[in-house]
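Just below is one structure, and these are the notes that go with it.
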Amino acid sequence: MLDIKLIRSNPEKVKQALAARRVQVDIDALLVLDQKRRDLQAQVEELKSERNTVSEDIGRLKREKQDASQMIMQMKSVSEKIKTMDEQVRELELQLQSVLLTIPNLPNEVVPIGNDDADNKEVRRWGEPTTFGFEPKPHWDLGETLDILDFARGGKVAGARFTVYKGMGARLERALINFMLDLHTGEHGYKEIFPPFLVNAESMTGTGQLPKFEEDLYKLREGNYYLIPTAEVPVTNLHRDEILAKDDLPIYYSAYTACFRSEAGAHGRDTRGLIRQHQFNKVELVKFVEPEGSYEELEKLTHDAEDVLKQLGLPYRVITLCTGDLGFSSAKTYDLEVWLPSYNAYKEISSCSNFEDFQARRASIKYRPDSKSKTEYVHTLNGSGVAVGRTVAAILENYQQEDGSILIPEVLRPYMGGIEKIILNDK
RNA sequence: GGAGAGAUGGCCGAGUAGGUCGAAGGCGCUCGCCUGCUAAGCGAGUAAGCGGUUUCAAGCUGCUUCGGGGGUUCGAAUCCCCCUCUCUCCGCCA
C-alpha cells in the first residue's frame, strides 16, 4: 500500500511512477476523497471534544449531587450527530482504503522503463547453454520414458496441470527440497520455517494477493481459507501487526511449501511438462530488514538463490524486470532464468523482489530504529530459492545422457542415496 | 463436536455496583546521578493509529484504541449481544 501522505504531498511523482508501470489510477479523485474524509473527521472530532468535556462536567455535578439534566439533554443530540457523522467518515475511509489497496507499488527509480517482458534487461549470465552430441529430449519425454513422471495419471487423479512423481523422480524432488533448505540455513544464514499452507484473507491482503488477484487463488468453500500461492504469504505475515526489535533485524527466513495457483489466464501456455502446474513445490527466501540496506539485501538474496543453480551446475541468467513487467507489490525485481533445452531458451525459475515498505504498510510490520524514535515500517523482500519442479525439469533436460539416463549433480548425490544417475527401472 | 476459563501497553500483570483510567505495580529500554570498571542503587522518562498546527522534523494539540464487531448510556477496559483466538476437561481423530 502506498502512503496516503506521500500521494498527498507528491501527487505528480506518484502519477509518473504509476504511468511508468502502465497502470491507470485516478489520483486526483483519490485526493478529493481524502480531503473530504479529513474535513469531516475534523468536524466530528470537534464535537467529540465537546462531548468529552461536558461529560466530565456531568460526572462532577452528579458527584456533587447537582442537577445535570440540562446538559444531558444537550449532549444527547450532540451524540446523535456524532453517530451519523462517524458513519459517514467510516464510509469515506472504506472507499479510500479500497482504492489504496488496488494501487501497485511504485517502481524504484533504477528500474528500467518498459512495457512488458520484451523490455526486461539482462544483468549477467552464468554458464553456457548446454550442448549435446545427440538430439536432446524435453523433460516430459525423459520423465515418462524413465517412469519417474506420470502426467496421464496426474490428470486422472486430479486434472490438467497436475503431475505424479514416481520412484527416483519423487526422490529427486525431495532431494532438491532438502538440498536447498540445507544450503540456505547452513550457509546463507536463514532460519527454516514450515508454515501453514492455508491462510486467511488478512494474510493474503498483507502481501498483496488480495483484493486484486482473487481469481489467481484457490479459495476453500469453508472457513475463509485460501491455499497459498507461495510461502511468501504465510512467512511474511508471520510478523503482521508486530513491532520488531531493532536487534531482531535483519530476519532471514527460508521455507519449503507446496504452492497452489489457479493459473487463470494462462490457458495454452506451458501446457506440457512440469513448468506450469496448479500445485508445485518451492523453497522461498524471505527477509525483513531496515530500509537503509534493503537494496544491498536484495543483491545478497538474489545471490543466495543463484547459488542453488551454481551448485547444481545449471546455466542461468539474471534479468531485471522493467516497470511494465513488475509484480504488483514489488519496487524492484530480478528474475533468475534457467536454461531449458526443450524451450531453447532461458525460463524463469526464481523471482527476487524488494517490496520496500509496501507490504509492511499493508501488514503493519514495524520496528523502532532506536529507543527514542517512533516506529517505522521495515522493508520486506523475498525470492524463490528456487522453484523445485522447474529445477527437476532443468536437471532432467540439462543432465540427460545419450542413453536416456540422467546424470545427478554431485551436490545432490548424498540426498539421492549415493546414486550417480537415474536409469530406467530404478525402483 | 460438548463444557468451562481467559484475551489489557515492548513483556508480565492490576483494574469490572459505568465518570478523576490510556490505564496501578513490576520487568525491559532511554537519559541523568552515583561508581576505578561492571553490577547494584537513586531520579526522570518510556504505547500505537488518524487528524490539526509546522517548509520538514521536533514540539504543541484534538480524536480514537484495553482481542474484533455491534448495542445500551450524556459518558464504557468496566453492562448487554455476536464473532475470533488461546488454555483446561470430555468426545472424535492422523
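Here is how names work: the chains are called A, B, and so on, in the same order as the sequence lines, proteins then strands, and each is numbered from 1.
- The environment of A:Glu296 atom CD is sparse: at most 12 non-hydrogen atoms of other residues, nucleotides or ligands sit within 6.0 angstrom.
- For the P atoms, the distance from B:C80 to B:A40 is 46 Å, rounded to whole Å.
- A:Arg90 has no side-chain polar atom (N or O) that falls below the 4.0 Å cut-off from OP1 or OP2 of B:C50.
- At a cut-off of 3.5 Å, with distance as the only test, a side-chain donor of A:Gln35 or A:Arg38 sits close to an acceptor on the other residue.
- The side-chain tip of A:Lys191 does not point at the ring of A:Tyr253 from less than 6.0 angstrom away and within 45° of straight on.
- Listed in residue order, the members of residues 31-38 of chain A having a heavy atom less than 4.0 Å from RNA chain B are A:Arg37, A:Arg38.
- Across the P atoms, B:C31 and B:C50 are found 27 Å apart, a figure rounded to whole Å.
- A:Asp182 meets the salt bridge (charged side-chain N to carboxylate O under 4.0 Å, His left out) test with no other residue; sequence neighbours excluded.
- In this structure, A:Leu61 and A:Asp67 have side chains that are not in contact, with every pair of non-hydrogen atoms separated by 4.5 Å or more.
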Would you tabulate the pairs of protein nitrogen or oxygen atoms and nucleotide nitrogen or oxygen atoms of nucleotides 15-20 of chain B closer than 3.5 angstrom?
from  : atom 1 : to      : atom 2 : distance (Å)
B:G19 : N2     : A:Ser55 : O      : 3.0

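- Side-chain contact between A:Ser342 and A:Trp140: present, with at least one pair of heavy atoms (C-beta onward) separated by less than 4.5 Å.
- Looking at heavy atoms from C-beta onward, A:Ile27 lies in side-chain contact with A:Leu18 at the 4.5 angstrom threshold.
- A:Ser79 has a side-chain polar atom (N or O) that falls below the 4.0 Å cut-off from OP1 or OP2 of B:G75.
- Residue-level contact check: A:Lys83 touches the backbone only, with heavy atoms under 4.0 Å from sugar-phosphate atoms and none from bases.
- The side-chain heavy atoms of A:Pro138 and A:Glu397, taken from C-beta on, include a pair separated by under 4.5 Å.
- Taking the side chain as every heavy atom from C-beta outward, A:Gln74 and A:Glu50 approach each other to under 4.5 Å.
- Here A:Ser364 lies out of heavy-atom contact (under 4.0 Å) with every strand.
- For the strand RNA chain B, secondary-structure stems (runs of at least three Watson-Crick or G-U pairs, all distances below 3.5 Å) span B:1-7 with B:84-90, B:10-12 with B:25-27, B:28-33 with B:41-46, B:47-53 with B:59-65, B:67-71 with B:79-83.
- The local environment of CD in A:Glu187 is crowded, with over 12 non-hydrogen atoms from other residues, nucleotides or ligands closer than 6.0 Å.
- Atom C1' of nucleotide B:C50 and atom CG of A:Leu40 are separated by 14 Å, given to the nearest angstrom.
- For A:Arg21 against A:Gly327, the heavy-atom pair with the smallest separation is NH2-O, 2.8 Å.
- Counting heavy atoms from C-beta on, the side chains of A:Tyr316 and A:Lys310 come closer than 4.5 Å.
- Look at the C1' atom in both B:G22 and B:U46: the space between them is 14 Å, to the nearest Å.
- When only modelled atom types and interatomic distance are considered, A:Ser203 and A:Asn200 share a side-chain donor-acceptor pair under 3.5 Å.
- Atom-to-atom, CD of A:Gln74 to C1' of B:U73 comes out at 17 Å; the value is rounded to the nearest Å.
- Rounded to whole Å, the separation between the C1' atoms of B:G28 and B:U84 comes to 30 Å.
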Pairs under 3.5 Å (N/O, protein and nucleotides 6-9 of chain B):
none

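- The CG-C1' distance, from A:Asp241 to B:A47, rounds to 15 Å in whole Å.
- Between B:C34 and B:A47, the two C1' atoms lie 31 Å apart (nearest whole Å).
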Protein-nucleic acid N or O pairs under 3.5 Å, nucleotides 55-64 of chain B:
from  : atom 1 : to      : atom 2 : distance (Å)
B:G62 : O3'    : A:Ser49 : OG     : 3.3
B:G62 : N2     : A:Glu45 : OE1    : 3.0
B:G62 : N2     : A:Glu45 : OE2    : 3.1
B:G62 : N3     : A:Glu45 : OE1    : 3.4
B:C63 : OP1    : A:Asn52 : ND2    : 3.1
B:U64 : OP2    : A:Asn52 : ND2    : 3.4

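- Within the nucleic acid shown, A:Arg361 has no heavy atom closer than 4.0 Å to any nucleic acid atom.
- Dashed line: the shortest gap from a side-chain N or O of A:Lys246 to OP1 or OP2 of B:C29 is not under 4.0 Å.
- The distance from atom CG of A:Asp86 to atom P of B:G51 is 15 Å, rounded to the nearest whole Å.
- Look at CG on A:Asp39: it is 18 Å from P on B:C50, rounded to the nearest Å.
- Between A:His278 and A:Tyr218, the ring-plane angle classifies as perpendicular under the 30° and 60° cut-offs.
- Side-chain contact check for A:Gln97 and A:Glu93: no donor-acceptor pair (N or O, by modelled atom type) lies under 3.5 Å.
- Only the C1' atoms considered, B:C12 is 28 Å distant from B:G69, to the nearest whole Å.
- Closest non-hydrogen pair, A:Leu227 versus A:Leu217, comes out as O-CD2, 4.5 Å.
- Looking at heavy atoms from C-beta onward, A:Asp150 lies out of side-chain contact with A:Thr163 at the 4.5 angstrom threshold.
- For the pair A:Thr333 and A:Ser351, the tightest heavy-atom approach, listed with the atom from each and the gap, is CG2-OG, 3.4 Å.
- Computed from coordinates, the A:Asp247 CG to B:U30 C1' distance equals 14 Å when rounded to whole Å.
- Taking 4.0 angstrom as the limit, A:Arg368 places a side-chain polar atom (N or O) nearer than this to OP1 or OP2 of B:A48.
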